[in-house]
Amino acid sequence: MNSLWFALTLPLIAHRPSSMGSSLIVIRHVTVIDGTGTAPMRDITVVLHGSRIERIEPSRSDHTFEHAQVIDGRGKYLVPGFIDMHAHVNLSPERIDSTTHTFVATAPDPGVPRYSLESLLRFGITTIRDPGGPAAQAVAVRDSVARGLLAGPRMLVAGDIIDRSVAPGLVATVHSADDVRAEVRRQAALGVDYIKLYASLTPELVQVGIDEAHALGKKALGHLFVTSWTTAADMGIDGLLHAMPSSPDLLAPDKRADFKKAIRNTRFMFQWFDYVDFHGAEIDSMIASMVRHRVEHDATLVTFEAMAWGDDPRVIKSPDLLFAPPSLVANWQDGFTLAMGWHSADFDSARSVWPRVLAFEKLLYDRGVLVTVGTDANNAWVAPGASFHREMELLVDAGIPPLQVLKLATHNGAEALGLLDTVGTITVGKQADLVLLSADPVRDIRNTRHIEAVIEAGRIAWQPLERGGTR
Ligand SMILES: [Zn+2]
C-alpha cells in the first residue's frame with residue numbers, strides 16, 4: 001500500500017470490524033426472509049454470536065438472554081446483506097474533449113472509494129464486486145477493507161478493463177494475443193480476483209483472455225460487442241454483464257446490415273432492441289449456452305435508465321445523488337455521461353424500447369440464467385448504494401416477483417462469487433451480514449430502503465441517526 005492510501009485510511013480506524021467472539025446480538029420476534037426465495041418465516045429469534053449466525057428458532061416468551069444486545073424485531077424484516085455485483089468504487093473523474101467526446105485524461109480522486117464504500121454500506125450492501133478499475137488501486141482498497149482500515153462491504157475486484165480502444169485511466173489497451181496475455185499476467189500478479197474483457201475484443205482475443213485468466217486461477221467477465229455472448233459463453237467466460245448484448249451476430253442475418261448502418265454513438269445499445277427477435281434462433285442458442293455453462297449475468301438496468309432519462313430531472317436532480325462522490329457528480333454535471341452527444345430524439349427513441357429491455361431481462365430469468373443484481377454504480381447519475389434499491393425496483397418492473405428479486409440480490413450474488421458457503425442467505429453458521437427493515441419488502445420492493453440497521457460480520461455497521469448512527 002503506498003502512502004497515499006495509508007493516509008486515506010487513517011481517519012476510519014475506529015470503524016474496524018470486530019472479529020472477537022464475545023459479542024452477542026439477539027433479534028426477537030422478527031420476520032426472516034432468508035434469501036433462498038422461500039416464504040418469509042414469522043416470529044423468529046435470530047442469535048448472532050461473534051461474527052456468525054448461531055441460532056434461528058421460533059420466538060419463545062420465556063426465553064431470556066443475558067449479556068446480549070436484544071433487538072425487538074416485532075413488525076420488522078430481516079434479510080441477508082445485499083450483494084452489488086457491479087459497483088465501480090475505483091473510478092475517478094475523466095476529463096473529456098466536449099466537441100469530439102473523446103477522453104483526455106483521468107483526474108485521480110482517492111476520496112471516491114471511501115465515499116462510495118460508506119454509501120454502499122449505509123444502503124445495506126455488505127459485499128460488492130468492482131468489475132473494472134485501476135488494478136493496483138482496486139487491490140489496495142479491497143485489502144484495506146479486509147484489514148478493517150476502511151469501512152465498507154467485502155470486495156472482490158477486477159483490474160483495468162482490457163480492450164483495443166484507448167481511454168486513459170479506464171482501459172488497458174491491447175493489440176495482439178501477446179498483449180492480452182501480458183496484461184492478464186500483470187493484473188494477476190497484482191492480486192485481482194477477476195479479469196474484465198471489453199467490447200472491441202475479437203473472439204480470438206477474448207479466448208486468449210479467458211484461457212490466460214483461468215490458467216492463473218482468475219475468473220473472466222465480459223462487457224462485449226464484437227464477440228457475441230453465445231461465442232463467449234461457449235469459450236468458457238464466467239460472467240456476461242449488462243442487459244444489452246448489442247452484437248450484430250445475435251440478430252437474424254437479414255437485419256445485421258441495417259443495424260450496423262444505423263449505429264450512432266452509445267445509442268446503439270438501445271437501437272439493437274429495434275432489430276432483435278427474442279424468439280429467433282440466435283437468442284435461443286445464446287440463452288441455451290449461458291444456461292449450459294452457468295454463466296452469471298447482472299443487468300445494470302439502473303445505469304441504462306440513467307442513460308435513457310439522462311435529460312430528466314428525476315435522474316439528474318435525484319436526491320440519491322447526495323450519496324455519490326462529489327467529484328463524480330461534478331464530472332457528470334460537466335457533461336461526462338454515457339449519453340454524451342445524444343439529441344432529444346435519441347432520448348425519445350431509447351425510452352421507446354425500454355419495455356423491450358425489461359422483457360429481455362425477464363426472458364433470461366425465465367429461461368434459468370444465473371441472474372444477479374448489479375448497478376454499474378459511479379457511472380453517470382448512478383449513486384452507489386441507493387442505485388441498488390432502484391435496480392431491484394426495475395427487476396420487479398420487469399415482472400420478477402419481489403421475493404425472487406431478493407434472492408437474486410443475495411443468494412445468487414453469493415453463488416456467482418463463489419461465496420455461498422459464507423454469505424448470501426440467513427443460515428446457521430454463516431457470517432452475520434444482515435439488514436433489518438422496518439417495512440415488508442415482499443409487499444413492496446421499495447421497502448428495502450427502510451433500513452433500521454446494517455449488520456456486517458455480527459456487528460452493527462450502520463444505523464440511521466435517530467437510532468444513534470453516525471451519518
Ligand atoms: Zn461496468
Side-chain angles (χ1 to χ4, degrees), residues 83-94 103 106 112-113 116-117 119-120 125 127-135 137-138 141-142 153 155-163 165 167 169-172 187 192-201 206 209 219-227 229 232 237-246 266 268-270 295-308 310 324-325 328 331-332 336-340 357 361 371-388 390-391 394-395 413 416-417:
I83 300 178
D84 189 339
M85 298 292 284
H86 205 132
H88 291 282
V89 299
N90 290 293
L91 283 189
S92 282
E94 287 287 332
F103 294 99
T106 302
V112 167
S116 305
L117 291 167
S119 289
L120 285 157
I125 291 116
T127 301
I128 64 162
R129 176 171 64 197
D130 178 346
Q137 173 177 324
V141 170
R142 178 197 67 193
M155 292 175 69
L156 286 89
V157 302
D160 314 66
I161 64 177
I162 300 177
D163 198 34
S165 61
L170 282 178
V171 167
Q187 294 187 17
V192 301
D193 306 294
Y194 284 89
I195 297 295
K196 173 74 166 288
L197 305 169
Y198 210 64
S200 74
L201 295 180
V206 169
K219 290 184 182 172
L221 304 173
H223 170 169
L224 302 178
F225 168 67
V226 171
T227 303
W229 282 15
I237 204 157
D238 298 283
L240 288 165
L241 316 186
H242 307 297
M244 302 217 172
S246 311
T266 52
F268 75 89
M269 291 186 274
F270 291 90
V295 177
E296 49 135 317
H297 159 75
D298 59 79
T300 72
L301 295 170
V302 64
T303 289
F304 296 122
E305 180 188 47
M307 282 172 82
L328 292 181
N331 202 209
W332 307 334
F336 178 61
T337 75
L338 293 169
M340 274 189 295
V357 177
E361 193 56 28
V371 176
T372 64
V373 178
T375 60
D376 219 355
N378 282 345
N379 273 293
W381 317 118
V382 182
S387 58
F388 192 85
R390 180 62 183 157
E391 183 72 20
L394 291 169
L395 290 165
L417 294 173

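Start at 1 and go down the list; that is how both ligands and their atoms are numbered. Worth knowing before you read on, the calculation uses all heavy atoms, side chains too, and leaves out hydrogens, waters and symmetry mates. Just so you know, residue 1 is the first one in the sequence shown, and it goes up from there.
Taking backbone and side-chain atoms together, His88 has an N/O/S atom less than 2.8 Å away from the Zn ion (ligand 1). The distance from the Zn ion (ligand 1) to the nearest N/O/S atom of His242 is not under 2.8 Å.
When all heavy atoms are compared, the tightest approach of Ile162 to Leu201 is O-CD1, 3.4 Å. Summarising the geometry of Ser246 relative to Met269, their closest heavy-atom pair is OG-CG, 3.6 Å, with the distance given to 0.1 Å.
The atom of Asp376 that is an N, O or S and sits closest to the Zn ion (ligand 1) is OD1. Within His86, the N, O or S atom lying nearest to the Zn ion (ligand 1) carries the name NE2.
A 4.5 Å side-chain heavy-atom check between Asn378 and Pro325 finds at least one atom pair inside the cut-off.
Glu296 has no carboxylate O lying under 4.0 Å from a charged side-chain N of Lys219, or vice versa, which leaves the two without a salt bridge.
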